[in-house]
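Right, one structure below, let's go through it.
Indexing begins at 1, ligand by ligand and atom by atom, following the structure's order.
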Amino acid sequence: MFPPGPNLTEPSPDHCRMCAVVGNSGNLNGSHYGPLIDYHDIVIRMNKAPTEGYERDVGTKTTHHVMYPHSSTALDNTTHLVFFAYKTYDLKWLISSFTPRNSKDMKPRFLGNKDLVLILNPEFIHHVHHVWLKKKGGYPSTGFLTLILSLHMCDEVDVFGFGADSRGNWNHYFEELKNKRLKTGQHPGHHEFTALQRLQRQRKLRFFRGW
Ligand code: C5P
């Protein structure tokens, strides 16, 4: 039903694959990063990540979108759906979302291009948790998984929308902050942030801290 292998641009000395990994942090608000994000060949967003109404700060382009059943959003026909499946239900949901309901209704329930679906081996989550985060916290955040994935897919990685805002809040750019004590829940946010800073020091990626 889905492509058997990933549809990725192969490495080449003639072309630098530039990627923007865009998290959902409130530090994007007021950043004016939109044009800079859109300048990248590959722009990866995750979960809800609306662009409409936030174009100046987050841009308009989305080549890849990471989502789960609970955070799904309709994609356009040119955007890759990146799926970190970690339980049987996730795969069942994915299949049913692309299966026509009955012969009269031939449209899939889920508006996305099934030829652009990319399903990660669940072993990848295990790898990131064990190797990159040394088993800290319950499980890696979507953003951190995406960031490590991008290091495999791209030659240059620029990271936006990660971490707290200038007031120390872990909020979303598209939501009013209701819970000021909101942190990173099950995710080892502190360790992920330390790993991100280390990668930046080693010049493996560039981190744009936002506003
Ligand atoms: O909240 P959500 O999971 O949709 O955000 C996507 C990713 O963006 C998170 O997994 C996290 O890595 C990153 N994020 C962040 N700081 C925030 C909000 C999100 O680093 N304040």
Side-chain angles (χ1 to χ4, degrees), residues 19-31 33-34 37 40 42-54 57-59 61-75 79-87 90 118 120 122 124-129 132-133 136-154 157-200 204-211:
C19 288
V21 178
V22 188
N24 288 333
S25 170
N27 68 29
L28 287 169
N29 287 324
S31 67
Y33 285 154
I37 290 174
H40 294 76
I42 296 179
V43 178
I44 316 177
R45 301 185 196 271
M46 48 205 91
N47 297 331
K48 295 284 175 210
T51 52
E52 210 179 313
Y54 303 95
D57 295 331
V58 309
K61 182 169 167 180
T62 308
T63 62
H64 292 71
H65 201 122
V66 180
M67 62 170 78
Y68 302 94
H70 65 271
S71 62
S72 61
T73 174
L75 302 180
T79 302
H80 292 77
L81 163 58
V82 182
F83 203 63
F84 290 109
Y86 63 93
K87 52 189 186 304
D90 295 343
L118 232 149
L120 269 290
F124 186 73
I125 301 177
H126 186 260
H127 162 75
V128 173
H129 191 214
W132 286 89
L133 296 171
K136 303 270 173 30
Y139 47 92
S141 74
T142 314
F144 196 73
L145 287 169
T146 307
L147 202 147
I148 302 302
L149 176 67
S150 73
L151 294 174
H152 292 269
M153 287 167 56
C154 318
V157 174
D158 290 340
V159 179
F160 304 85
F162 277 63
D165 69 9
S166 56
R167 286 179 294 278
N169 296 319
W170 287 77
N171 51 353
H172 287 146
Y173 66 85
F174 48 86
E175 272 169 2
E176 277 287 327
L177 184 66
K178 294 194 188 83
N179 175 6
K180 294 253 186 227
R181 286 180 302 172
L182 183 73
K183 289 281 182 265
T184 53
Q186 277 288 309
H187 306 307
H190 172 70
H191 297 286
E192 293 187 353
F193 202 71
T194 307
L196 170 58
Q197 286 172 315
R198 194 178 63 238
L199 285 164
Q200 187 191 24
K204 304 284 185 214
L205 51 77
R206 284 190 298 182
F207 175 38
F208 293 80
R209 288 169 182 276
W211 190 246

request  = For Asn47, counting its heavy atoms only, list the atoms of ligand 1 lying under 4.0 Å from any of them.
outcome  = 2 (P), 3 (O), 4 (O)
task = Decide yes or no on side-chain contact (heavy atoms from CB on, under 4.5 Å) for Phe160 and His40, but give the supporting numbers first.
result = CA-CA 12 Å; Phe160 304 85; His40 294 76; 4.0 Å; yes
request  = Determine the minimum heavy-atom distance between Lys48 and Ser72, stating which atoms define it.
outcome  = NZ-O, 3.6 Å
ask   = So, Asn27 side chain and Arg209 main chain: donor-acceptor pair closer than 3.5 Å or not?
value = yes
key: Gly143 N/O under 3.5 Å from ligand 1 N/O   = yes
request  = Output the list of atoms in ligand 1 that are nearer than 4.0 Å to some heavy atom of Phe162, sorted by atom number.
outcome  = 12 (O), 15 (C), 20 (O)
ask   = Phe83 vs Tyr68 aromatic rings, parallel, tilted or perpendicular, using cut-offs 30° and 60°?
value = tilted
inquiry  = Heavy atoms only, cut-off 4.0 Å: how does Lys48 contact ligand 1, side chain, backbone, both, or neither?
reply    = neither
remark   = Here the gap from Trp170 atom CH2 to Phe193 atom CZ, rounded to the nearest 0.5 Å, amounts to 6.0 Å
message = Exactly one of Leu28, Asp158, Val22 should register a side-chain contact (heavy atoms from CB on, under 4.5 Å) with Tyr33. Which one does?
response = Leu28
task = Any chance you could lay out the side-chain contact (heavy atoms from CB on, under 4.5 Å) test for Leu196 and Leu147, step after step, and finish with the verdict?
result = CA-CA 9 Å; Leu196 170 58; Leu147 202 147; 3.9 Å; yes
query = Nearest to atom 1 (O) of ligand 1 by heavy atom, Met46, His172, Arg45: which?
reply = His172
task = For Thr142, counting its heavy atoms only, list the atoms of ligand 1 lying under 4.0 Å from any of them.
result = 10 (O)
inquiry  = Which option wins on minimum heavy-atom distance to atom 20 (O) of ligand 1: Ser25, Gly161, Gly23, Gly163?
reply    = Gly163
task = Give yes if a backbone or side-chain nitrogen or oxygen of Asn169 is under 3.5 Å from a nitrogen or oxygen of ligand 1, and no if not.
result = no
query = Hey, is ligand 1 close enough to Asn171 that some N/O pair sits below 3.5 Å?
reply = yes
query = How does Thr146 reach ligand 1, if at all, at less than 4.0 Å between non-hydrogen atoms: by side chain, backbone, both, or neither?
reply = neither
